[in-house]
2 protein chains.
Amino acid sequence: MAETMTLKKIAGQLGVSYSTVSLAISGSPKVNQQTRKTVLELADSLGYRPNLNARSLKQKKSGFIGVIFPDFSQTYYRELMRDIYPALKERGYTGLFFTIDDNEDFSGIVSEIQGRGVEGVISGAHDHSPLMPLYKLGIPVVAYRRTAGVPFSYVDVDREKGAYMAGAHFAELGYKRMAYLGTHFEGREPRLIGFKAALSDNGIDLPDQYVVDGQGMEGGFTGMQKLLELSEPPRAVFAFNDSTAIGAMRAIQMRGLRIPQDVALIGFDNILECRYMTPALSTVAQPRQATAENLVNMLCETISSKSAGMRHVLLEPELIIRESCGARASLQTS
Amino acid sequence: MAETMTLKKIAGQLGVSYSTVSLAISGSPKVNQQTRKTVLELADSLGYRPNLNARSLKQKKSGFIGVIFPDFSQTYYRELMRDIYPALKERGYTGLFFTIDDNEDFSGIVSEIQGRGVEGVISGAHDHSPLMPLYKLGIPVVAYRRTAGVPFSYVDVDREKGAYMAGAHFAELGYKRMAYLGTHFEGREPRLIGFKAALSDNGIDLPDQYVVDGQGMEGGFTGMQKLLELSEPPRAVFAFNDSTAIGAMRAIQMRGLRIPQDVALIGFDNILECRYMTPALSTVAQPRQATAENLVNMLCETISSKSAGMRHVLLEPELIIRESCGARASLQTS
DNA sequence: CTGAAAGCGCTTACAG
DNA sequence: CTGAAAGCGCTTACAG
């Protein structure tokens, strides 16, 4: 087991003060070219790595950005994390990832974030409000998705608009009996609001029994079963997200019904899987890359400027027509 | 912005030494019940959180476990991470997650791990060898999957056996012309070896043209297309993993062929999606929960015992028969 | 351009 | 049971 190298030891071997070594390593211009070179070479050959905990302690900043999400396993979030990770790295930050489920308490995470000197937080939690203590401590929090009652900057996609596009597209295709399948937060979910608005603008009603709860593949599966048991099952279904839609597809196909000929379907998110379903899943795409970049940019700017102003970015969704909505007949990829 | 609380300030307010406060907070039995109570109450009301960087510096251990994986977005890995995360938490460790792609160099990650005082590493990298510097520094590394040429303890599933089960099952169903679809590392991939062995034990040959490369959904899709373009396409396909199989399903169904009537399919991993495909995907299940627990246990034991002995755990796979392999005719979930 | 010194917030022997 | 002191490894004014 190699003994840990420190600045002092390097300084000792070189016969210079360890502040000089520190300066040389941090690339300060105050240090002689020759001296720096000697120091760097020795440090390198000794495999020296600065102790980041000591540095964090002294500088009162850690280089950590906290990233909080509901679950490692939700497909859209995992794709978002993948995009956030390199964006953080590019700016010299290290992501500290936490997951949180809805009924877990945040206090452990909050302590950890505070205790580690995390410089800022990206929150994708369903409810951001437990992060208020951090905000009060002066730790910037940027939220993925708007949440009422919280003074955080946020990046969101215009889900209401995306849902409107889905509803309008269905209406255009001539469907009348439609359903919304997914979480709807007592009617406050923008996807439900937008979908309903599109139908209403086309003179179509969305009765309560055609609004069914369900989350994820399993929720989509059972929710869709309920819809199919209705005396008049819906002709077209807009799902909360693609995972929900995939669960719904299974329920439809298990009954021997065809998509889109018997039931048309549109999802939300545009996860990678959509293209590989049969039929390929039409969906409302979230601009994931832009979301990640905006979150990271916004946070970094808040950190460096220390400006406490709230900022909001609302990104545009895009309707991606594949096979499941019925606008195209043949099977194809894309 | 609240001023940060420190032990000293608490001690000052209470008129005791700050070492007493430290002891009280860390729950040492050396401190008077009454004193502790007072201290804890004040600390609590002041919102005191210990500075973990200072603690790490002093104790020379950070409470961090590094977790390295190829990608946030590979489905099986994300499921594994989800299981590792709580197991780590339960033991009082914080996971520091890193992703690494194959041609990226590890040096940044290695510095970070060393510099942050990470106490141990779980590596799911495709190649663990760049982690040797950590091992030499005395930082325990436990690998998910065996890798040759590296002295790390590992947890692996018996992929060769799992593949054998898939091949044997296909043989039993009477298929003769079969294919292996997926990465095979010049024939060294245990899945290919096991599959081939099963066929061979049943007197069936696996010609080279029925071994096709392909990774993930896209790789499975294009790889399967190649197989279907053969003058005699395979009757049954064993895929590297479920994502690959899902890509393959799409290619098969796009041609208007039926699964399993025209082409039978078995995947590997048993990701959540399998149950929701139509037809539901038969697969070789990895015991994911057990894998995560073994990885974490093994690492924690190595850390606390400081014993440098290598340990190996090989877990049993399980063949899960659903609809895509042809053993069952009707559509159903499970 | 280089060195001596203070101090970040904590833990941990060591006295008492 | 409590206090005084040293020190983890680093950075950063401050002198020179």
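Below, chain A is the first sequence line, B the second, and so on; all start at residue 1.
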Chemist: Establish, from distance only, whether the side-chain atoms of A/Thr38 and A/Thr35 form a donor-acceptor pair under 3.5 Å.
Modeler: no
Chemist: May I ask you to decide whether A/Glu112 forms a salt bridge with B/Arg49, counting only side-chain N to carboxylate O separations under 4.0 Å?
Modeler: no
Chemist: Side chains of A/Thr291 and A/Gln286: is there a donor and an acceptor less than 3.5 Å apart?
Modeler: no
Chemist: Could you check which nucleotide pairs with D/dA4 in any of the strands shown, counting Watson-Crick or G-U wobble with both distances under 3.5 Å?
Modeler: none
Chemist: Can you check whether B/Gly117's main-chain N or O pairs, donor with acceptor, with B/Ser62's side chain at less than 3.5 Å?
Modeler: yes
Chemist: List the steps and the verdict of salt bridge (Lys or Arg N to Asp or Glu O under 4.0 Å) for B/Glu119 and B/Lys61.
Modeler: CA-CA 6 Å; B/Glu119 300 181 42; B/Lys61 57 180 194 179; 5.2 Å; no
Chemist: So that I can tick it off, tell me whether B/Asp156 and B/Arg145 are bridged by a salt bridge, with the cut-off set at under 4.0 angstrom between side-chain N and carboxylate O.
Modeler: no
Chemist: Mind checking A/Ser56 for me? I need base, sugar-phosphate or nothing, with any heavy atom below 4.0 Å counting as a touch.
Modeler: nothing
Chemist: Quick one: does B/His126's side chain get under 4.5 Å of B/Pro70's, heavy atoms only?
Modeler: yes
Chemist: What is the base-pairing partner of C/dA13, counting Watson-Crick and G-U wobble geometry with both distances under 3.5 Å?
Modeler: none
Chemist: Walking along DNA chain C from 5' to 3', note the first and the last nucleotide with an atom under 4.0 Å from a heavy atom of chain B, and give both.
Modeler: C/dG9 to C/dT12
Chemist: Quick check on DNA chain D: between B/Tyr18 and A/Gln59, whose nearest nucleotide comes earlier from the 5' end?
Modeler: B/Tyr18
Chemist: Take B/Lys60 and B/Thr20, find for each the nucleotide of DNA chain D with the closest heavy atom, and name the residue whose nucleotide sits nearer the 5' end.
Modeler: B/Thr20
Chemist: Would you indicate what A/Thr6 reaches in the nucleic acid, counting non-hydrogen atoms under 4.0 angstrom: base, sugar-phosphate, or nothing?
Modeler: sugar-phosphate
Chemist: Which sits closer to the 5' end of DNA chain C, B/Leu23 or B/Leu57, going by the nucleotide each is nearest to?
Modeler: B/Leu57
Chemist: Ignoring hydrogens and geometry beyond distance, is a side-chain donor-acceptor pair present between A/Asn51 and B/Arg116 at under 3.5 Å?
Modeler: no
Chemist: Specify the residues of residues 39-52 of chain B, ordered by number, for which at least one heavy atom lies under 4.0 angstrom from an atom of DNA chain D.
Modeler: none
